[in-house]
Structures are given as C-alpha cells and as structure tokens.
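Heavy-atom basis, side chains included; hydrogens, waters and symmetry copies ignored.
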Amino acid sequence: MIKLKNMCALAAFVALLLSSVQAAGTRGNGMTKEWDYLLFTQHWPATVCLQWKAEGKGHSCALPKESMWTVHGLWPTKTNTKGPSFCNSSLPFDEEALTPIVSQLEELWINIDVPTSPYSFWRHEWEKHGTCAAQLACMNKEVLYFKQGLTLQQNYDLYGALAKAGFTEGKLYSTNQIRKAVKDQFGKMPEVHCYKDENSGRSYLFEVRLCFDKQIEIIDCPKAMSTNCPSTPVVYPNLQEVGKRFEVKGKWLLDLLRIVRWIQWITY
C-alpha cells in the first residue's frame, strides 16, 4: 500500500504538468481524457444478484462465501460529469497479466453475473476505466490497476464499517444513515446508490462509492449528496438468504467456465 501510494503521489505531479498538453490535444474534437479524482466503487453482492436475476432468464449468481462488499470498479472521474472512458486502445486487456492476482480477484473483485466469464468483467473495467487511470505511473499496467483496487477494498472495509455502526443484513436504513456510518469510519463523505426492483417496488442498497485524489488519499466525494435512492429507508438484503435462492449450487457452472477458458487458451 505504501509503495503504491508513493508512486501515485509522484505520478500525480507529472500528470498535472501534462494536463494542459492533454487538453490542447483533445479540445479540437470535443473530447477529453482529463480527470480529477478516482471513484472507488464497492457493491453489495446480494443486491447485484437480485438485479442480475431480474434482468434475464437463466441468470445465476456467484456470491462470496462470507458477507463482504466486493469491488465494482476504480473509475477516473471528471468533476461534475462522468468519465472519461476508453482512453487508450494501445493498452489491450491481457488475461495472463492477471495470473499473479487472479485468486484475489476471484474473491474480492468477483464477477457475480453467471454465466458470464469473470474475465469479461475485468476486461470491461480495464478497457473502460483502467486505460484512463493508467495516466498515473502507479496504475500504468493492468496488474497495477487491479492491485490498487484490491488494496483499497482491503483498506476500506465497508462491511466492517456498517457493522460497527450497528447495521444488520435484512434491515432497512436511510441514505443519510448509510452516509453517516461510512463517514464516521473513514472520515470522508461517500456516494450511495440503490437498485429498485420494478416488480416489487422495493429499493435495495446497491453501491457505496469512496473518492480519492491522484495521490490515492481519500477525499469527500464532490457529488456525495447525489443519489438515486428514495427518501424512504432501503433494504440491506441478507446475503445468505439471497444466496439460497439464486446462487450457483456447488459452483459447477463456474468450474465449467474455467475449464472451457483453459481449453481455449491451450488451443489458441
């Protein structure tokens, strides 16, 4: 963690010097690859599963063995807007580059959406967001980008923060209660987002986003008060109960996907 942060601090200075050059090169076509801060997004696996199941028949879920928030992404963001995204096509996704950390990714940056491949999720995050974060030396390689996300997930334990504030799975909480619990633990204001099931009308706690500057120091999120959650309390769904309903039994399908991927790799 210390090494990554020191690299980012040095890289941030270089990025500042280059920002005017980048701006000059992109204003002509109306696009920009500049960004101001990192939006580190963790999502609650039970809610991800509920949303995925609602989106299509045949969808199942791969859930963590224990209750934990998992990584959705680490997103370079421009203040008061979204993006940038897909910043550098010369940095293609390389599955083999993740070999040293794939076991950690499968635990902490898990692809919940079965039957899609875990690598399809990681590919999307790298191509859309990682190629933009790569402007910093501490994340200028695929493996470094994903390592940074894993480090943040371990250092900013959302499940522990909410549990410390008395949050219990299966109960209802307001957005303000969630924001306060996270700020009390980490010192800065987060963003909170929800998922609404159109069939039941219920809203579920979905994502909590923490913001970091280019030195990877936590800051108040510029859009902390912006949320899609209703003013009424939302459900913090119980992971084990959702798992009993929708999880892939025995993970046989995930094992099959890994075998298929291995066969594709050796025959390529």
Side-chain angles (χ1 to χ4, degrees), residues 39-75 82-83 85 105-129 149 153 158-159 162 167-179 182 190-210 223 226-258 260:
L39 199 60
F40 176 59
T41 302
Q42 296 183 63
H43 51 200
W44 180 234
T47 306
V48 178
C49 181
L50 290 172
Q51 182 184 47
W52 176 242
K53 284 294 296 183
E55 288 179 354
K57 294 181 179 180
H59 289 181
S60 296
C61 306
L63 299 172
K65 296 178 181 178
E66 300 178 357
S67 291
M68 67 171 68
W69 287 69
T70 56
V71 182
H72 184 176
L74 183 59
W75 306 333
K82 294 181 179 181
S85 59
L105 291 171
E106 289 178 338
E107 179 184 359
L108 305 176
W109 202 322
I110 185 173
N111 181 19
I112 294 163
D113 301 347
V114 176
T116 63
S117 163
Y119 285 89
S120 65
F121 178 35
W122 302 330
R123 176 188 296 275
H124 172 77
E125 291 303 313
W126 169 251
E127 291 178 347
K128 184 174 182 178
H129 305 289
Q153 196 276 347
L158 277 176
Y159 188 81
L162 294 176
F167 281 51
T168 303
E169 294 175 51
K171 303 294 184 180
L172 282 74
Y173 301 95
S174 70
T175 306
N176 285 336
Q177 285 177 304
I178 299 163
R179 286 197 196 98
V182 176
E191 291 184 20
V192 178
H193 292 264
C194 297
Y195 158 66
K196 183 178 180 180
D197 185 328
E198 296 300 333
N199 292 322
S200 67
R202 282 189 170 188
S203 290
Y204 299 89
L205 176 58
F206 182 38
E207 292 182 341
V208 173
R209 304 172 181 178
L210 301 173
K223 299 173 68 176
S226 175
T227 182
N228 67 342
C229 299
S231 57
T232 53
V234 299
V235 181
Y236 184 23
N238 185 284
L239 182 66
Q240 299 303 319
E241 290 182 2
V242 171
K244 290 177 182 178
R245 293 164 57 194
F246 302 130
E247 189 174 16
V248 178
K249 299 298 184 293
K251 300 293 191 296
W252 65 268
L253 184 54
L254 287 180
D255 292 336
L256 178 60
L257 287 170
R258 292 189 181 99
V260 169

Quick one: side chain to side chain contact (heavy atoms under 4.5 Å, CB included) partners of T232, sequence neighbours excluded?
P230
What pairs with E207 under salt bridge (Lys or Arg N to Asp or Glu O under 4.0 Å), at least two apart in sequence or on another chain?
R209
Distance in Å, T47 OG1 paired with H193 NE2, rounded so as to fall on 0.5 Å steps
13.5 Å
From CA spacing to verdict: side-chain contact (heavy atoms from CB on, under 4.5 Å), Q42, V208
CA-CA 6 Å; Q42 296 183 63; V208 173; 5.6 Å; no
Run E191 and L39 through side-chain contact (heavy atoms from CB on, under 4.5 Å) and show every step you take.
CA-CA 9 Å; E191 291 184 20; L39 199 60; 3.8 Å; yes
Could you list the residues that satisfy side chain to side chain contact (heavy atoms under 4.5 Å, CB included) with S174, not counting sequence neighbours?
N176, Q177
Verify the neighbour count for atom CZ of R202: are there more than 12 heavy atoms of other residues, nucleotides or ligands below 6.0 Å?
no
Flag the pair W44 / L239 as yes when at least one side-chain heavy-atom distance between them is below 4.5 Å, and no otherwise.
yes
Please name all residues satisfying side chain to side chain donor-acceptor pair (under 3.5 Å) with E125, sequence neighbours left out, ordered by chain then number.
W75
Parallel, tilted or perpendicular, as decided by the 30° and 60° cut-offs, for the rings of Y173 and Y236
perpendicular
Parallel, tilted or perpendicular for H43 and H72, by the 30°/60° rule?
parallel
Once side chain to side chain donor-acceptor pair (under 3.5 Å) is applied, do any residues pair with N238, and if so which ones, sequence neighbours excluded?
none
Partner residues of S200 under the side chain to side chain donor-acceptor pair (under 3.5 Å) criterion, sequence neighbours left out
none
For K196, I'd like to know if atom NZ has over 12 heavy atoms of other residues, nucleotides or ligands within 6.0 Å.
no
Are more than 12 heavy atoms, taken from residues, nucleotides or ligands other than E55, located less than 6.0 Å from that residue's CD atom?
yes
Where do L50 and F246 land on the side-chain contact (heavy atoms from CB on, under 4.5 Å) test, with the steps shown first?
CA-CA 8 Å; L50 290 172; F246 302 130; 3.6 Å; yes
